[in-house]
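Every chain is numbered from 1 and lettered A, B, ... according to where its sequence line falls, protein lines coming before strand lines. Basis for what follows: all heavy atoms, side chains included, without hydrogens, waters or symmetry-related copies.
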Protein chains: 2
Amino acid sequence: MSPTREKSPPLDQSRLAHTLGYAIARAAVTTNQLFSQGVGEPLGVRPVEFTLLQLIFSNRNTTQKRLCDLLRVPAPQMTLILDRLQERGWVERERDANDRRALHLRLTAEGERLAEESLAALRVAEQALDRVLSSGERLLLQELLAKVAR
Amino acid sequence: MSPTREKSPPLDQSRLAHTLGYAIARAAVTTNQLFSQGVGEPLGVRPVEFTLLQLIFSNRNTTQKRLCDLLRVPAPQMTLILDRLQERGWVERERDANDRRALHLRLTAEGERLAEESLAALRVAEQALDRVLSSGERLLLQELLAKVAR
DNA sequence: TATTGTTATACTCTATAACTATA
DNA sequence: TATAGTTATAGAGTATAACAATA
């Protein structure tokens with residue numbers, strides 16, 4: 001290392017300190033990493049896939065349309081994501097008998113097993129946050145985030 | 001609309017309620033939208049570009065390496081982003097005289113003007129959050145997010 | 001006419017390996 | 001031998017228009 005370069009001080013982020021978007025984006029780096037290490041890589045599930053598994057688990061026979069609206073995912077993307085989940089045998093689609101345009105979604109037995117396993121794995125991974133957040137702080141953080149999400 | 005379909009109840013998200021990653025991702029949808037409407041579209045600046053403008057503004061002559069480390073952006077991506085900022089006349093790069101591998105970054109006059117304008121625009125856009133968050137809550141939220149970001 | 005879902009397409013974002021030039 | 005930055009490339013994520021089937 002060049003002798004003319006002393007150890008550099010941390011970068012000044014003061015101009016970004018007041019913007020909530022930046023704070024959220026930086027926190028998301030941490031949680032994305034926890035997800036990736038604890039769930040994504042070991043179980044081969046992407047964040048959207050994980051989310052869909054949980055939602056279909058709790059909302060048997062919901063339709064693609066309703067998931068698109070909730071997650072603000074465009075319909076064409078939802079088609080592709082569900083194609084992938086179906087190919088891997090985790091999700092099944094079935095036409096609504098009354099409205100034959102709509103597709104109802106449900107998990108296979110294997111899909112349910114994966115939904116359980118991945119949620120448990122994520123809970124373990126996010127326990128790493130206990131070192132920086134008390135359980136009260138964590139609850140408060142979730143409430144405040146929910147307000148922002150409307 | 002089919003008379004056999006009543007207005008459907010909201011989807012059950014209870015299985016995701018305890019995961020912080022989900023709460024952050026959902027809140028990010030809101031802040032991304034505020035950025036896009038208030039800054040991104042009117043000024044033609046992407047989130048990373050905005051962030052870099054602010055950081056280079058406050059950290060004159062910082063290097064690409066240090067920005068990569070702070071933002072966890074891979075070096076090749078940083079090269080492309082800065083190429084774009086340079087092409088548009090907002091950023092200049094200059095070789096370090098002592099260590100000729102390193103590049104120092106600085107804003108042009110136009111780049112500084114844009115950094116100021118875009119930050120002001122974001123502050124205005126994020127005022128929309130005042131309807132759901134008191135100023136105390138907002139401050140608290142930022143502190144908690146900073147802890148998560150470590 | 002409007003809605004659900006699909007196909008096609010393009011553009012951005014992200015990650016990695018291989019390279020250069022310097023140290 | 002290690003570091004700063006670039007080039008090349010491939011994969012994942014996102015957005016839009018045009019379409020088929022049904023309502």
So which protein nitrogen or oxygen atoms get under 3.5 Å of nucleotides 10-16 of chain C's nitrogens or oxygens?
| residue | atom | partner | partner atom | Å |
| --- | --- | --- | --- | --- |
| dC13(C) | OP2 | Arg46(B) | NH1 | 2.7 |
| dT14(C) | OP2 | Gln77(B) | NE2 | 2.9 |

Handout entry: Any Leu11(B) side-chain heavy atom under 4.5 Å of Leu67(A) side chain
Key =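 Heavy-atom side-chain distance check passes, below 4.5 Å.
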
Handout entry: Listed nucleotide nearest any side-chain atom of Arg101(A), set dA4(D), dT7(D), dA2(C)
Key =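 Of all the options, the side chain of Arg101(A) is nearest to dA2(C).
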
Practice task
Report the nucleotide, chosen from dT6(C), dG5(D), dA23(D), that has the shortest atom-to-atom distance to any side-chain atom of Ala102(B).
Solution key: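 Nearest nucleotide to the side chain: dG5(D).
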
Expressed in angstrom and rounded to an integer, what is the separation of [X] atom [atom1] from [N] atom [atom2]?
| X | N | atom1 | atom2 | result |
| --- | --- | --- | --- | --- |
| Asp96(A) | dA21(D) | CG | P | 18 Å |
| Asp83(B) | dT7(D) | CG | C1' | 10 Å |
| Arg100(B) | dT3(D) | CZ | P | 20 Å |
| Asp99(A) | dA2(C) | CG | P | 17 Å |
| Leu82(A) | dT7(C) | CG | C1' | 16 Å |
| Glu41(A) | dA12(D) | CD | P | 13 Å |
| Arg95(A) | dG5(C) | CZ | P | 8 Å |
| Lys65(B) | dA2(D) | NZ | C1' | 12 Å |

Practice task
Enumerate the residues from residues 54-64 of chain A whose closest heavy atom to DNA chain C is under 4.0 Å, giving them by residue number; use none for an empty result.
Solution key: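 Output list: Thr63(A), Gln64(A).
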
Just by modelled atom types, is the [Y] backbone N or O under 3.5 Å from a matching donor or acceptor in the [X] side chain?
| X | Y | result |
| --- | --- | --- |
| Thr31(A) | Ala28(A) | yes |
| Glu137(A) | Ser134(A) | yes |
| Gln64(B) | Leu103(B) | no |
| Glu126(A) | Leu20(B) | yes |

Handout entry: Salt-bridge contact Arg93(B)-Asp83(B) (side-chain N to carboxylate O under 4.0 Å)
Key =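 Result for this pair is yes, salt bridge flagged.
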
Show me the donor-acceptor pairs within less than 3.5 Å that the side chains of residues 40-57 of chain A make with the rest of the protein, sequence neighbours left out.
| residue | atom | partner | partner atom | Å |
| --- | --- | --- | --- | --- |
| Glu41(A) | OE2 | Ser36(A) | OG | 3.1 |
| Glu49(A) | OE1 | Arg46(A) | N | 2.9 |
| Glu49(A) | OE1 | Arg88(A) | NH2 | 3.0 |
| Glu49(A) | OE2 | Arg84(A) | NE | 2.7 |
| Glu49(A) | OE2 | Arg84(A) | NH2 | 3.4 |
| Glu49(A) | OE2 | Arg88(A) | NH2 | 3.0 |
| Thr51(A) | OG1 | Pro47(A) | O | 3.1 |
| Gln54(A) | OE1 | Arg15(B) | NE | 2.8 |
| Gln54(A) | OE1 | Arg15(B) | NH2 | 2.9 |
| Gln54(A) | NE2 | Ala115(A) | O | 3.0 |
| Gln54(A) | NE2 | Ser118(A) | OG | 3.4 |

Exercise for the section: Give a yes or no on whether Arg100(A) atom CZ has more than 12 heavy-atom contacts from other residues, nucleotides or ligands under 6.0 Å away. Expected result: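 No.
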
Practice task
Kindly compute the distance separating CD (Gln142(B)) from CG (Leu133(B)), expressed to the nearest 0.5 Å.
Solution key: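 Nearest 0.5 Å value for the CD-CG distance: 9.0 Å.
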
Exercise for the section: Pick base, sugar-phosphate or nothing for Arg93(A), based on heavy-atom distances below 4.0 Å to the nucleic acid. Expected result: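 The answer is sugar-phosphate, as Arg93(A) gets under 4.0 Å only of primed atoms, P, OP1 or OP2.
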
